[in-house]
Amino acid sequence: MVWRTHRFDSMGTVVSIMVRMGDGCDEALAEVEAVFRSLDETFSLYRDDSELSRIARHELPLTASSPTVKDAYETALTWRATTRGAFTPNRPDGVVDLNGVVKAMAIESAGRVLGAAGAVDWCVNAGGDVLYDGFSPEKRDWVTGITDPADRGSLLASVALFGQHRAAATSGFSERGDHVWLRGDSEKHFAQVTVFAPNILLADVVSTAVLAAPAGELDDLAGGHSVDVLAVFSDGGLVVTPRLRVQLAA
């Protein structure tokens, strides 16, 4: 088995894959690209021909959409209820926007494709949202670099995966501010939130919810889940949950 690195553009970002596997690698990577392409063609609001764009233009009722769209919307509604509206599938203008769950769906599906094809160790990174399995090329636990929102060329920390965490997601305003709609006084929000979790959907949803809500709601939003959080204020101040604090100290 050998290591391969593969990159492609999808969903408005760069998807990067590192994988160790034998025969069938090219076919598996092509299937991963197909997964991202299919979901982007269905859900992208930047594509006039996507199903979600047709729903936004009221050409297609949500009730008449495909099972894929209905399932994603139901997932997003469940998380809206769980986070008391901090995470939502609706833009302020009412347009249904499922980016908050669709990229995670694509990453999770990519992992299943690689595992089914016989990959031993792998990492799928889509715009900083990352899912891992096995070990890195150095035969160590995978490490996630957390970017400094005040200086995109620097790292705040590098965190090796720990516990049952297989995923990490970061939400922030320095690169993708338009994907989050704030709730409450914007001066009391974090500038960037990184969440480590057992799965990528949980990491992505909680990072978005904590970013969207006032900073004082972090414990309520993250405390009921098996997650660890590093959140950054615009002035550089940090909030780190206890288990992650121990991991960083180690």
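Every value quoted in this text rests on a predicted model; they were computed, and no experiment measured them. Heavy-atom basis, side chains included; hydrogens, waters and symmetry copies ignored.
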Is it true that atom CD of Q164 has more than 12 heavy atoms of other residues, nucleotides or ligands lying nearer than 6.0 Å?
-> no
Step-by-step side-chain contact (heavy atoms from CB on, under 4.5 Å) determination, L218 to V239 | CA-CA 9 Å; L218 186 154; V239 175; 4.2 Å; yes
Stepwise side chain to side chain donor-acceptor pair (under 3.5 Å) test for E51 and S66 = CA-CA 8 Å; E51 197 169 344; S66 66; 3.0 Å; yes
Just wondering, are more than 12 heavy atoms of other shown residues or ligands nearer than 6.0 Å to CD in E41?
-> yes
For Y132 and T144, test the side chains for any donor-to-acceptor distance below 3.5 angstrom and give the result as yes or no.
-> yes
side-chain contact (heavy atoms from CB on, under 4.5 Å) assessment of C25 paired with V19 = CA-CA 9 Å; C25 188; V19 57; 4.1 Å; yes
Any link between L60 and V69 through a network of hydrophobic side chains (Ile, Leu, Val, Met, Phe, Trp, Tyr) touching at under 4.5 Å?
-> yes
T82 side chain near H225 side chain, heavy-atom distance below 4.5 Å = yes
Can you find a pair of side-chain heavy atoms, one from V195 and one from D204, that are under 4.5 Å apart?
-> no
All heavy atoms of L45 vs all of A56, minimum pair found to be CD2-CB, 4.3 Å
Hey, does N99 have a side-chain heavy atom less than 4.5 Å from the side chain of F43?
-> no
Could you tell me the separation between the OG atom of S158 and the CD1 atom of I146, rounded to the nearest 0.5 Å?
-> 8.0 Å
CA sep, side-chain torsions, deciding dist, call: L131, W142, side-chain contact (heavy atoms from CB on, under 4.5 Å) | CA-CA 10 Å; L131 182 66; W142 290 99; over 6 Å; no
Taking the side chain as every heavy atom from C-beta outward, state whether R80 and P89 have any atom pair closer than 4.5 Å.
-> yes
For the hydrophobic clusters of this structure (ILVMFWY residues joined by side-chain heavy atoms under 4.5 Å, transitively), does one cluster hold both L201 and V35?
-> yes
Can you name the closest pair of heavy atoms from T83 and A209 and give their distance?
-> CG2-CB, 3.9 Å
Minimum heavy-atom separation for G22 to M1, with atom names?
-> N-CG, 3.7 Å
Supply the atom-to-atom distance D133 CG to D121 CG, rounded to the nearest 0.5 angstrom.
-> 7.5 Å
About how many Å separate OG of S50 and CG of D40, when rounded to the nearest 0.5 Å?
-> 8.5 Å
Show which side-chain atoms of residues 105-120 pair as donor or acceptor with protein atoms under 3.5 Å away, not counting sequence neighbours.
| residue | atom | partner | partner atom | Å |
| --- | --- | --- | --- | --- |
| S109 | OG | M105 | O | 3.0 |
| S109 | OG | R112 | NH2 | 3.0 |

According to the salt bridge (Lys or Arg N to Asp or Glu O under 4.0 Å) rule, which pairs have a member within residues 234-250, sequence neighbours left out?
-> D228-R243
Heavy atoms, side chains only, cut-off 4.5 Å: are R20 and R4 in contact?
-> no
Should R140 and E138 count as an ion pair when the cut-off is N to O under 4.0 Å?
-> no
Examine V14 and W122 and state if one hydrophobic cluster contains both, with Ile, Leu, Val, Met, Phe, Trp and Tyr joined whenever side-chain heavy atoms are less than 4.5 Å apart.
-> no
How many angstroms lie between atom CG of L77 and atom CZ of F87, to the nearest 0.5 angstrom?
-> 9.5 Å
Classify the side-chain pair S171/T208 by whether it contains a donor and acceptor separated by less than 3.5 Å.
-> yes
Crowded around R7 CZ? As in, over 12 foreign heavy atoms under 6.0 Å?
-> no
Determine, stepwise, if the pair V96 / N90 fulfils side-chain contact (heavy atoms from CB on, under 4.5 Å).
-> CA-CA 5 Å; V96 175; N90 295 95; 3.6 Å; yes
Output, in order, the C-alpha distance, side-chain angles, deciding distance and verdict of salt bridge (Lys or Arg N to Asp or Glu O under 4.0 Å) for D129 and K103.
-> CA-CA 9 Å; D129 292 348; K103 186 165 70 168; 3.3 Å; yes
Student check: side-chain heavy atoms of I55 and P61 closer than 4.5 Å | no
Linking I/L/V/M/F/W/Y whenever any side-chain heavy atoms sit under 4.5 Å apart, do V102 and F8 land together?
-> yes
Are the side chains of Q192 and D148 in touch, meaning some heavy atoms are under 4.5 Å apart?
-> no
D49 atom CG: more than 12 heavy-atom contacts under 6.0 Å = yes
